[in-house]
Student: 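My structure is below; once you've seen it, I'll send some questions.
Every chain is numbered from 1 and lettered A, B, ... according to where its sequence line falls, protein lines coming before strand lines.
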Protein chains: 4
Amino acid sequence: MFAFRLDARSGVPTYLQLVDQVRRGLLLGYLVDGDRLPTVREVAATLVINPNTVAKAYRDLERAGLAAPRAGQGTFVVGSVDQVPAATYVKLSHGLRGWLRTAHDAGLDHDQIRALVTATLDDDQAQAGAA
Amino acid sequence: MFAFRLDARSGVPTYLQLVDQVRRGLLLGYLVDGDRLPTVREVAATLVINPNTVAKAYRDLERAGLAAPRAGQGTFVVGSVDQVPAATYVKLSHGLRGWLRTAHDAGLDHDQIRALVTATLDDDQAQAGAA
Amino acid sequence: MFAFRLDARSGVPTYLQLVDQVRRGLLLGYLVDGDRLPTVREVAATLVINPNTVAKAYRDLERAGLAAPRAGQGTFVVGSVDQVPAATYVKLSHGLRGWLRTAHDAGLDHDQIRALVTATLDDDQAQAGAA
Amino acid sequence: MFAFRLDARSGVPTYLQLVDQVRRGLLLGYLVDGDRLPTVREVAATLVINPNTVAKAYRDLERAGLAAPRAGQGTFVVGSVDQVPAATYVKLSHGLRGWLRTAHDAGLDHDQIRALVTATLDDDQAQAGAA
DNA sequence: GTGGTCTAGACCACA
DNA sequence: GTGGTCTAGACCACC
């Protein structure tokens with residue numbers, strides 16, 4: 001079953017974190033067309049947030065064409081996005097985890113790692129945008 | 001000169017993006033004690049945002065003890081954080097850039113790469129938290 | 001200034017009535033790109049409904065690409081739809097008003113007129129769909 | 001046999017659409033006292049909706065005094081409403097269909113026509129209410 | 001039981 | 001002052 005996670009410190013609105021996680025799930029193949037998302041009430045209870053917040057996220061997904069509610073049954077993933085092929089995903093994920101281990105071994109904590117990664121990704125995207 | 005960058009799509013409040021970037025700069029050694037930050041007006045003009053938003057970011061940095069205004073001269077970085085040693089930083093950064101190239105070569109776009117990275121980092125942090 | 005109207009008896013959710021009216025305004029040329037919609041608080045006060053309900057409608061319009069919020073300034077119409085040419089509109093509107101007068105003169109009340117119109121439009125659309 | 005039609009996009013609750021259509025049928029003479037409505041199962045199967053939804057609509061009609069169940073035989077239209085005289089109805093309907101043709105010929109699609117009609121009817125009713 | 005709508009009211013980000 | 005987010009809680013439509 002798909003599970004959500006929240007990071008209160010990030011400053012990203014709760015409902016957007018939920019939306020992003022479903023989007024990411026689709027992108028990476030964790031979620032596929034037809035999968036049932038946890039119910040609004042389940043998510044609200046698990047994450048200890050207001051059901052309306054979850055409903056707002058699900059509504060956003062619906063408007064984006066990524067989910068569809070079925071009254072009395074739950075909300076289902078629908079449509080899809082360009083998925084990363086499984087083999088590619090496994091290989092890249094493995095490589096990244098290796099790098100992560102190196103970073104931890106070098107004494108970096110999570111914040112420092114995130115800072116490094118974010119800076120590098122931002123640079124990468126900025127260069128691509130400028131090119 | 002230190003330069004800010006904004007991502008309107010991220011959902012992170014503008015002023016927080018500015019604060020985070022200074023914090024990241026310190027963590028990674030882009031910014032060191034004594035460096036001068038661009039003026040509120042410069043940042044506001046460059047990013048086309050309201051000066052109040054920049055001022056709020058600088059105020060937050062000040063309260064966090066990471067920056068200090070000097071009357072008539074601008075705002076300066078002060079104090080510091082656990083910095084990543086330069087050698088370590090260079091090695092890790094190089095490794096990460098290599099991985100990024102692999103990801104691009106595999107055909108992933110920026111969104112897919114960010115999705116993969118975020119998912120991996122979140123997993124990593126979640127496991128550490130659970131351990 | 002654009003003004004909203006509500007029909008509590010229709011069974012259509014309040015926020016959808018608002019969305020539909022903006023859509024209709026665009027279709028008929030009452031609203032054009034750049035027009036400012038009344039603020040959330042104004043609409044809420046005028047119609048005596050909850051500001052959240054108005055905000056929901058405006059958010060829907062935003063997701064549909066028909067409106068854009070500007071913090072501190074209000075919500076603005078943006079983008080557009082296939083508009084009915086003004087001349088065509090005037091001619092057709094005139095014709096319809098004439099028919100309406102005939103219907104009133106024949107003794108029909110609003111409900112009966114709406115019933116007749118709805119039935120006729122539904123038939124028309126059903127035939128087109130079947131064709 | 002009386003046939004129901006649904007418009008999922010309208011936002012009007014399913015059961016209300018059914019009730020309204022029977023009401024409209026009575027108003028316009030499509031349905032008269034004694035006519036048999038399709039069974040709950042038939043309607044549910046044809047429209048692919050839950051039988052409970054149909055049952056609720058029939059219950060509402062019953063409470064409004066517009067329909068009555070006869071054990072083992074089905075539900076029948078009963079009582080009546082101010083009907084539009086057949087001659088008047090035919091004349092007005094003919095006129096409206098003529099206008100509709102004009103609108104189609106002018107290049108308007110169904111959405112645009114509905115927008116124009118709704119706007120005109122709403123105006124008409126608002127004026128009457130204000131008078 | 002599911003999702004959807006609406007209200008009331010607090011607080012935040014931004015101009 | 002503008003829109004945005006979140007909470008709390010009632011009620012409805014539909015399965």
Student: OP1 or OP2 of dT2(F) sitting under 4.0 Å from any side-chain N/O of Arg36(C)?
Tutor: no
Student: Would you write out the dot-bracket form of DNA chain F, 5' to 3', with Watson-Crick and G-U pairs under 3.5 Å, [ ] for crossing pairs, | for pairs to other strands and . for unpaired bases?
Tutor: ||||||||||||||.
Student: Once side-chain hydrogen bond (donor to acceptor under 3.5 Å, both in side chains) is applied, what residue pairs with a partner in residues 41-51 of chain B remain, sequence neighbours excluded?
Tutor: Asn50(B)-Asn52(B)
Student: Is Arg9(C) salt-bridged to Asp111(C), going by a charged N under 4.0 Å from an acidic O?
Tutor: yes
Student: Among residues at least two apart in sequence or on other chains, which ones pass salt bridge (charged side-chain N to carboxylate O under 4.0 Å, His left out) with Arg114(B)?
Tutor: Asp122(A)
Student: Between Phe2(D) and Gly25(D), what is the shortest heavy-atom contact and its length?
Tutor: CE1-CA, 4.5 Å
Student: Taking atom C1' of dG1(F) as reference, at what distance in whole Å does atom CD of Glu42(C) sit?
Tutor: 11 Å
Student: Starting at the 5' end of nucleotides 8-15 of chain F, put B wherever the base has a protein heavy atom under 4.0 Å, S where only the sugar-phosphate does, and a dash everywhere else.
Tutor: BB---SSB
Student: What's the separation between atom CD in Gln21(D) and atom CZ in Phe4(D), rounded to the nearest 0.5 Å?
Tutor: 6.5 Å
Student: Are any side-chain N or O atoms of Gln17(D) and backbone N or O atoms of Val12(D), one a donor and one an acceptor, separated by less than 3.5 Å?
Tutor: yes
Student: What integer distance in Å separates Gln17(C):CD from dT5(E):P?
Tutor: 13 Å
Student: Between C1' on dC14(E) and CG on Leu6(B), what's the gap in Å once rounded to a whole number?
Tutor: 13 Å
Student: Specify the separation, in whole Å, of atom CG of Asp60(B) and atom C1' of dA13(E).
Tutor: 12 Å
Student: Give the table of side-chain donor-acceptor pairs shorter than 3.5 Å for residues 63-78 of chain D, with sequence neighbours excluded, one pair per line with atom names and distance.
Tutor:
unit_1: Arg63(D); atom_1: NH2; unit_2: Asp60(D); atom_2: OD1; d: 3.0

Student: Could you work out, with salt bridge (charged side-chain N to carboxylate O under 4.0 Å, His left out) as the rule, every residue matching Arg5(B), not counting sequence neighbours?
Tutor: Asp123(A)
